[in-house]
**Student:** 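Quick one: this structure, given as structure tokens, is what I'll be asking you about.
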Protein chains: 2
Amino acid sequence: MEKTARAGLERVSRPRLYEQLVEQILAYIESARLRPGDLLPAERDLAERLGVSRATLAQALVALEVLGVIDVQHGTGAVLARRPSVASVIKGLREHQSRLPEIVEARSTLEGKLAALAAERRTADDLAAINDALDVMAREINDGDRGTHGDELFHQAITAAAHSSVLAQLMAFIAEMILETRMESLGQPGRPEQSLASHRKIADAIRAQDPAAATEAMLAHIDLVSDVELLR
Amino acid sequence: MEKTARAGLERVSRPRLYEQLVEQILAYIESARLRPGDLLPAERDLAERLGVSRATLAQALVALEVLGVIDVQHGTGAVLARRPSVASVIKGLREHQSRLPEIVEARSTLEGKLAALAAERRTADDLAAINDALDVMAREINDGDRGTHGDELFHQAITAAAHSSVLAQLMAFIAEMILETRMESLGQPGRPEQSLASHRKIADAIRAQDPAAATEAMLAHIDLVSDVELLR
DNA sequence: CTGGCTCACTGGACTAGCCTCTTAGACAGT
DNA sequence: ACTGTCTAAGAGGCTAGTCCAGTGAGCCAG
């Protein structure tokens, strides 16, 4: 897939049976008031009730297992994970896919910390990658582009420079949601230049190894970038 | 089997073929230097090469899709997601399962923010849930228990009171790793009482709707709780 | 050059069957 | 009575084979 953008066509998402089954099973868990440790109905039984084959149901169960909702045990059955909250969280998230304010909130929390860590831990290589990203973005803007690629590179470089794989994973988790925000923001006239300027401020603070300044600059940047969204 | 680890018995986890396939495919992606947008080999081909049936491979592909590594398109094939970093992040995370310092880092980042948000947004119900959690933990400690259940309830109540589903989901993501830390920490003599006292401080700040104090109290609490870990 | 058609190739799903694992209960032996 | 062993029912794991449904390149007629 390529330029999906906000204006572009979205590839029609083919329906996948297992995705539908995940939703149904989630709904079933809720409606049946199942508690952690409880067992789901047997595969053969469940498959028949849902009107699908066991093979397809097995895919849905794998998905639920990866999502952390259930734990499938050979010979016993599919038992609800001890942390039932995730089920509702995931459901809630699917429903209102893009709660922009919350995403911005999560993003500033993570990236503020990442910027501080980057300032403390960045190596010369990290710094080089950050500078490269700035150059890429500057070149893109010069060419009349929006600079989205450079923007993404920049934030990835910051994340890498923080040297925290756990935080990096959390960023990856919300990266997709952020992408939409990014595209929209950089579509504003004059915005790419402003964004680049605030990137430079962040980079300066990281180069100077000043964590507090880095966090501050990052938060200001995210504020700027998210500004337009919230006015909708 | 024998008693794994210091605490309770762990149920032996039987190997699941699809999990193994996920690892192998991840390794293949890396070794073949596949880039975002590239196609994985066809299912029939891949299944044969890996020596498994298509049905099993399909499960592995579902897992990879849920993990955000690939995007399976009907009629085209399995294409690598535009964000290849997750693949390496996931692999990296599996390798050194518990980088305690990094987990503590991520936890304090998230929970510090959650505490501040909880102070701003908590409803009367949220407050009641927080108080309930304190009571549960107090009772547990009184009974000579470690108070792990109350501890967990408390942190869940704070998360809920912050009213941010995105941050809540990120917390759920690292909750399992935190669990290990929690158990170990509360096993220290005198630690449950200290932990409960710092919980009360956090609750006070949230009751008083003082975000800064809430964050500070939460960070102090996590510092306390994580203290012993780092000395190992 | 355009439009429509075909066909090879891709994933999607199902069926039927056999395997292994778990567990409860029968049935000893103490 | 207690305890250990065995067994069979029922759970999930996996396979092989089959058919259906999209995709896209290439051919061919207009």
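Because the structure is predicted, anything quoted here is derived from the model rather than measured. Heavy-atom basis, side chains included; hydrogens, waters and symmetry copies ignored.
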**Student:** Closest to the A:Leu17 side chain: D:dG13, C:dG12, C:dA13?
**Tutor:**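 Between D:dG13, C:dG12, C:dA13, the one nearest the side chain of A:Leu17 would be C:dA13.
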**Student:** Send over the distance from A:Asp45 CG to D:dG10 C1', rounded to a whole Å.
**Tutor:**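 Interatomic distance, CG of A:Asp45 to C1' of D:dG10: 12 Å.
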**Student:** Which heavy atom of B:Leu46 sits nearest a heavy atom of B:Pro41, and at what distance?
**Tutor:**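 Scanning both residues, the minimum pair turns out to be CD1-CG, 3.9 Å.
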**Student:** Hey, what's the ring geometry for B:His199 with B:His155, parallel, tilted or perpendicular (30° and 60° as the breaks)?
**Tutor:**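 Perpendicular: the ring planes of B:His199 and B:His155 meet at over 60°.
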**Student:** Below 4.5 Å, heavy atoms only, C-beta onward: do A:Tyr28 and A:Arg49 meet side chain to side chain?
**Tutor:**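 A:Tyr28 vs A:Arg49: side chains touch.
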**Student:** Does the side chain of A:Leu167 come within less than 4.5 Å of B:Glu105's, by heavy atoms?
**Tutor:**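 With C-beta onward as the side chain, the pair touches.
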**Student:** What heavy-atom pair brings A:Ala60 and A:Leu21 nearest, and what distance separates the two atoms?
**Tutor:**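 Heavy atoms only, the tightest pair is CB-CB, 3.7 Å.
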**Student:** Is there a side-chain contact between B:Ile222 and B:Val225 (heavy atoms, below 4.5 Å)?
**Tutor:**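 Contact flag for B:Ile222/B:Val225 side chains = no.
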**Student:** Among the candidates C:dC14, C:dG11, D:dA11, find the nucleotide nearest to the side-chain atoms of A:Ala42.
**Tutor:**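 When the side chain of A:Ala42 is considered, D:dA11 is the closest of C:dC14, C:dG11, D:dA11.
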**Student:** Starting at atom CZ of B:Arg16, determine the distance to atom P of D:dC14, rounded to an integer number of angstrom.
**Tutor:**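 After rounding, the gap between these two atoms is 7 Å.
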**Student:** Take atom CD of A:Gln20 and atom C1' of C:dA13, then tell me their distance rounded to the nearest Å.
**Tutor:**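 Roughly 13 Å, once rounded to whole Å.
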**Student:** B:Glu43 CD to C:dA8 C1': how many Å, rounded?
**Tutor:**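 Going from B:Glu43 (CD) to C:dA8 (C1'), I get 17 Å.
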**Student:** Are any of B:Thr76's side-chain N or O atoms less than 4.0 Å away from OP1 or OP2 of C:dG11?
**Tutor:**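 No, no such contact exists.
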**Student:** Could you identify which residues of residues 55-64 of chain A place a heavy atom less than 4.0 Å from some atom of DNA chain C, listed by residue number, or say none?
**Tutor:**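 Going residue by residue through residues 55-64 of chain A, the ones with a heavy atom under 4.0 Å of DNA chain C turn out to be A:Thr56.
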**Student:** Can you tell me the distance, in whole Å, between the CD1 atom of A:Ile70 and the P atom of D:dA11?
**Tutor:**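 Roughly 16 Å, once rounded to whole Å.
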**Student:** May I have the list of side-chain donor-acceptor pairs in residues 137-144 of chain A shorter than 3.5 Å, sequence neighbours left out?
**Tutor:**
residue, atom, partner, partner atom, Å
A:Glu140, OE1, A:Gly150, N, 3.0

**Student:** I need the minimum non-hydrogen distance between B:Thr56 and B:Tyr18, along with the two atoms involved.
**Tutor:**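 Residues B:Thr56 and B:Tyr18, closest heavy atoms: O-CB, 4.3 Å.
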**Student:** Specify the separation, in whole Å, of atom CG of A:Asp71 and atom C1' of D:dA11.
**Tutor:**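 So the two atoms are 14 Å apart, to the nearest Å.
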**Student:** Assuming nearest nucleotide by heavy-atom distance, tell me which of A:Pro41 and B:Val52 is located more 5' along DNA chain D.
**Tutor:**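 Going by which nucleotide is closer to the 5' end, it is A:Pro41.
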**Student:** Is any side-chain heavy atom of A:Leu61 closer than 4.5 Å to one of B:Gln59?
**Tutor:**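 Not in contact.
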**Student:** Taking only N/O atoms, report every protein-nucleotides 18-20 of chain C pair under 3.5 Å with atom names and distance.
**Tutor:**
residue, atom, partner, partner atom, Å
C:dT20, O2, A:His74, NE2, 2.8

**Student:** Expressed as a whole number of angstroms, how long is the span from A:Leu46:CG to D:dG12:P?
**Tutor:**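 Whole-Å distance recorded here is 9 Å.
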**Student:** Without decimals, in angstroms, what is the distance between B:Leu39 CG and D:dG24 P?
**Tutor:**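 Those two atoms, CG and P, are 10 Å apart.
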